[in-house]
There are 2 protein chains.
Amino acid sequence: MLQLERQQDLMRLLRERKSMTVKELCGALFASPATVRRDLQVLEQAGLLTRSFGGAVLCETFPDQQPFAVRSGAHVTEKKRVAAKAALLIHPGETVFLDASSTTSYIVPHLRDIPDLTVITNGPRTCLLLAEYGIRSFCTGGEMLEGSHALVGRDAEVYVRGIRAHVCVFSARGVETDGDITDSSKAERDLKIAMLERAARSVLVHDSSKLGRCYPYVICPYTAPDNIVGE
Amino acid sequence: MLQLERQQDLMRLLRERKSMTVKELCGALFASPATVRRDLQVLEQAGLLTRSFGGAVLCETFPDQQPFAVRSGAHVTEKKRVAAKAALLIHPGETVFLDASSTTSYIVPHLRDIPDLTVITNGPRTCLLLAEYGIRSFCTGGEMLEGSHALVGRDAEVYVRGIRAHVCVFSARGVETDGDITDSSKAERDLKIAMLERAARSVLVHDSSKLGRCYPYVICPYTAPDNIVGE
DNA sequence: CTCACCTCGATCGTTTTTGATCATTTATGA
DNA sequence: TCATAAATGATCAAAAACGATCGAGGTGAG
């Protein structure tokens with residue numbers, strides 16, 4: 001069997017099963033463990049899968065298994081439910097700001113069914129996801145923040161201020177129902193404020209882990225957003 | 001049998017079987033391995049198939065419409081070698097433009113060892129990769145091109161024109177050694193030209209599948225780049 | 001008819017792939 | 001924490017495929 005053919009088969013299998021062990025792949029592809037491992041190495045480099053001891057996991061651009069999902073891993077199902085609810089607040093033909101958080105990225109799949117949307121985000125990962133779902137999307141420029149994988153800084157702000165959107169969907173690290181909505185990064189906070197200022201409506205999405213937390217940089221008071229979507 | 005007739009038969013077979021070995025093709029076409037290989041070479045140049053050691057795999061859709069993941073899966077080892085060579089042309093402290101192609105993204109791991117770099121890219125995927133490797137990186141803004149996952153348009157160009165870089169590392173869809181370096185997307189071409197204009201040096205990286213191909217949008221003549229890195 | 005030209009197949013040195021071996025690392029449970 | 005079993009990466013040798021080159025055969029123009 002050809003190398004490329006085998007690698008394509010491997011990916012096909014992985015797409016079905018989401019994850020497979022080296023042993024399983026050996027059986028399915030009629031190849032030795034060494035060969036399977038070599039293929040996995042190549043495909044991991046290409047960003048198509050993530051290797052793990054004993055096998056490999058399909059690498060979807062989805063945040064679930066991404067490295068930066070360390071923070072978000074625990075609340076995935078909750079975030080998905082929240083995202084589904086928030087998507088109901090977005091209407092056909094609108095222009096939407098999405099911030100760079102993992103919570104907001106879960107909204108993307110729900111946007112596919114809303115026609116004629118334009119989405120602007122400062123999250124490269126969210127932007128890629130939007131492209132995969134065939135949604136017209138724009139990315140702000142800016143400096144890459146290592147921790148959160150968000151684009152921030154003056155360039156990002158200038159970009160946002162050049163746009164008028166119907167709605168801004170954003171998240172935050174801390175949400176106090178009797179106080180403020182706060183963030184731990186000044187750069188990200190500044191950008192969120194810019195987005196809020198340039199959008200007619202605002203929607204805060206948050207999972208339960210954010211409640212009661214407080215961080216140094218205030219985005220806005222809890223009463224400010226037009227909608228707050230939690231559980 | 002005529003050459004053209006044989007090549008048409010080869011493609012017909014390949015369309016049925018999706019992939020075939022050189023041996024199989026020899027038997028089916030009553031030709032020697034050398035002849036089959038020559039045909040495969042021609043047909044690969046034409047973009048109809050992808051060669052793999054031992055045979056060839058059908059190139060399903062037109063390359064332009066091929067999903068990014070599939071396209072980037074081919075020629076991986078070659079791209080990695082080319083990228084490693086190109087990385088040697090980048091020096092500590094420099095500011096670097098990287099375009100959004102898969103070939104240039106393979107340079108990223110090699111940049112980790114070069115201190116004090118600043119990298120600007122119009123590829124969200126490349127930008128994420130840079131962040132993962134802890135390299136100070138910036139992303140241009142712009143509209144997301146669905147096919148290639150590149151950020152393009154006026155916003156991207158304005159961003160690039162606000163920067164002066166030491167070197168621009170770029171790739172192209174078509175490379176003719178006695179002609180031009182060309183691309184299939186006007187928007188991407190325009191951005192590459194902008195990057196080249198704002199960089200003191202230029203490095204073209206390409207794998208062998210690009211050689212001899214020609215696309216409508218000219219980036220620059222083959223003689224223009226300061227360095228050309230292939231195999 | 002002869003010459004130039006093109007295609008094809010054969011040969012040979014080189015490269016690629018692959019499975020085996022072995023030391024090292026990793027996960028897991030005592 | 002430590003031991004054990006499994007998985008991994010590195011290295012190697014053999015087999016297969018590859019590219020380059022050369023000569024044979026066939027075709028068309030002069």
Side-chain angles (χ1 to χ4, degrees), chain A residues 1-11 13-14 17 19-46 48-59 65 67 70 73, chain B residues 1-11 13-14 17 19-46 48-58 73-85 106 109 112 175 177 206-213 229-231:
Chain A
M1 179 174 325
L2 300 179
Q3 191 183 58
L4 220 149
E5 190 185 2
R6 191 183 53 234
Q7 290 171 0
Q8 288 180 348
D9 284 352
L10 196 160
M11 284 312 299
L13 283 164
L14 202 57
R17 304 269 307 269
S19 85
M20 294 193 74
T21 67
V22 173
K23 267 192 187 173
E24 290 173 331
L25 288 167
C26 286
L29 302 170
F30 302 98
S32 70
T35 302
V36 169
R37 271 189 264 277
R38 271 186 287 256
D39 285 343
L40 291 179
Q41 208 166 16
V42 170
L43 295 167
E44 184 179 40
Q45 282 273 334
L48 299 175
L49 54 80
T50 306
R51 291 186 66 184
S52 157
F53 203 85
V57 180
L58 181 63
C59 191
Q65 290 130 6
V70 188
Chain B
M1 184 184 297
L2 295 177
Q3 202 180 132
L4 225 150
E5 190 185 358
R6 190 183 53 236
Q7 290 173 1
Q8 286 178 347
D9 284 352
L10 196 160
M11 284 312 298
L13 283 164
L14 202 58
R17 302 270 309 268
S19 86
M20 295 192 73
T21 67
V22 173
K23 269 190 186 173
E24 290 172 333
L25 288 167
C26 286
L29 302 169
F30 302 100
S32 70
T35 301
V36 169
R37 272 190 265 277
R38 270 187 284 257
D39 285 342
L40 290 179
Q41 207 164 17
V42 171
L43 295 166
E44 184 180 39
Q45 287 268 328
L48 299 174
L49 53 81
T50 306
R51 286 231 274 165
S52 172
F53 203 86
V57 178
L58 182 64
H75 301 278
V76 173
T77 49
E78 188 183 352
K79 285 178 181 179
K80 276 202 264 184
R81 277 198 301 269
V82 170
K85 275 200 245 178
Y106 285 111
R112 179 163 45 174
V175 177
T177 52
H206 69 88
D207 61 65
S208 56
S209 72
K210 310 296 196 300
L211 281 172
R213 299 240 184 132
V229 183
E231 281 240 299

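Treat the numbers as computed from the prediction; the structure is a model and nothing was measured. Lettering of chains follows the sequences in order, A, B, ..., and the numbering in each one begins at 1.
The side chain of B:Ser32 approaches C:dG9 more closely than any other nucleotide in the set C:dG9, C:dG19, C:dT17. When distances run from any side-chain atom of A:Ala34 to the nucleotides D:dA17, C:dG19, C:dG9, the shortest one goes to C:dG19.
Mapping B:Pro33 and B:Phe53 onto DNA chain C via the closest heavy atom, the residue that lands nearer the 5' end is B:Pro33.
Atom P of nucleotide C:dT16 and atom CD of A:Gln3 are separated by 11 Å, given to the nearest angstrom. Remark: P of C:dT18 and CE of A:Met1 are 11 Å apart, rounded to the nearest angstrom. Regarding B:Arg38, its CZ atom lies at a distance of 10 Å from the C1' atom of C:dA10, rounded to whole Å. Rounded to a whole Å, the CZ atom of A:Phe30 is 13 Å from the P atom of C:dG19. The distance from atom CG of B:Leu40 to atom C1' of D:dG19 is 13 Å, rounded to the nearest whole Å. Distance CG (A:Leu2) to P (C:dT18): 9 Å, rounded to an integer number of Å. Here the P atom of nucleotide D:dG19 and the CD atom of B:Glu44 are 9 Å apart, to the nearest Å. Separating the CE atom of A:Met20 from the P atom of D:dA7 is a distance of 14 Å, rounded to the nearest angstrom.
No engagement by A:Thr21 is indicated, since no non-hydrogen atom pair under 4.0 Å with the nucleic acid exists.
Put simply, A:Arg51 has a side-chain N or O that comes within less than 4.0 Å of OP1 or OP2 on D:dG9. Close to C:dT7, at under 4.0 Å from its OP1 or OP2, lies no side-chain N or O of B:Arg6. For A:Gln41 and D:dG9, the shortest distance from a side-chain N or O to OP1 or OP2 is not below 4.0 Å. In this structure, B:Thr35 reaches the C:dG9 phosphate: one of its side-chain N or O atoms is under 4.0 Å from OP1 or OP2.
In terms of the side-chain contact (heavy atoms from CB on, under 4.5 Å) criterion, residue partners of B:Thr177 (sequence neighbours excluded) are, by chain and number, B:Leu211, B:Tyr222. With sequence neighbours left out, the salt bridge (charged side-chain N to carboxylate O under 4.0 Å, His left out) criterion links A:Arg6 to A:Asp39. In terms of the side chain to side chain donor-acceptor pair (under 3.5 Å) criterion, A:Gln3 has no residue partners (sequence neighbours excluded). In terms of the side-chain contact (heavy atoms from CB on, under 4.5 Å) criterion, residue partners of A:Gln41 (sequence neighbours excluded) are, by chain and number, A:Arg51.
The two residues A:Leu43 and A:Gln7 have their closest heavy-atom pair at CD1-O, 4.1 Å.
For A:Arg37 against C:dG19, a side-chain-to-base donor-acceptor contact under 3.5 Å is absent.
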Which pairs would a plain distance check flag for residues 24-35 of chain B, meaning a side-chain donor or acceptor within less than 3.5 Å of a matching protein atom at least two apart in sequence or in another chain?
| unit_1 | atom_1 | unit_2 | atom_2 | d |
| --- | --- | --- | --- | --- |
| B:Glu24 | OE1 | B:Thr21 | N | 2.9 |
| B:Glu24 | OE2 | B:Arg17 | NH2 | 3.1 |
| B:Ser32 | OG | B:Thr35 | N | 3.3 |
| B:Ser32 | OG | B:Thr35 | OG1 | 3.1 |

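Direction change of the helix axis from one end of the helix from C:dC1-D:dG30 to C:dA30-D:dT1 to the other is 30°, with five pairs defining each end axis (rounded to 10°).
Note: B:Leu49 CG to A:Leu4 CG = 11.0 Å, rounded to the nearest 0.5 Å.
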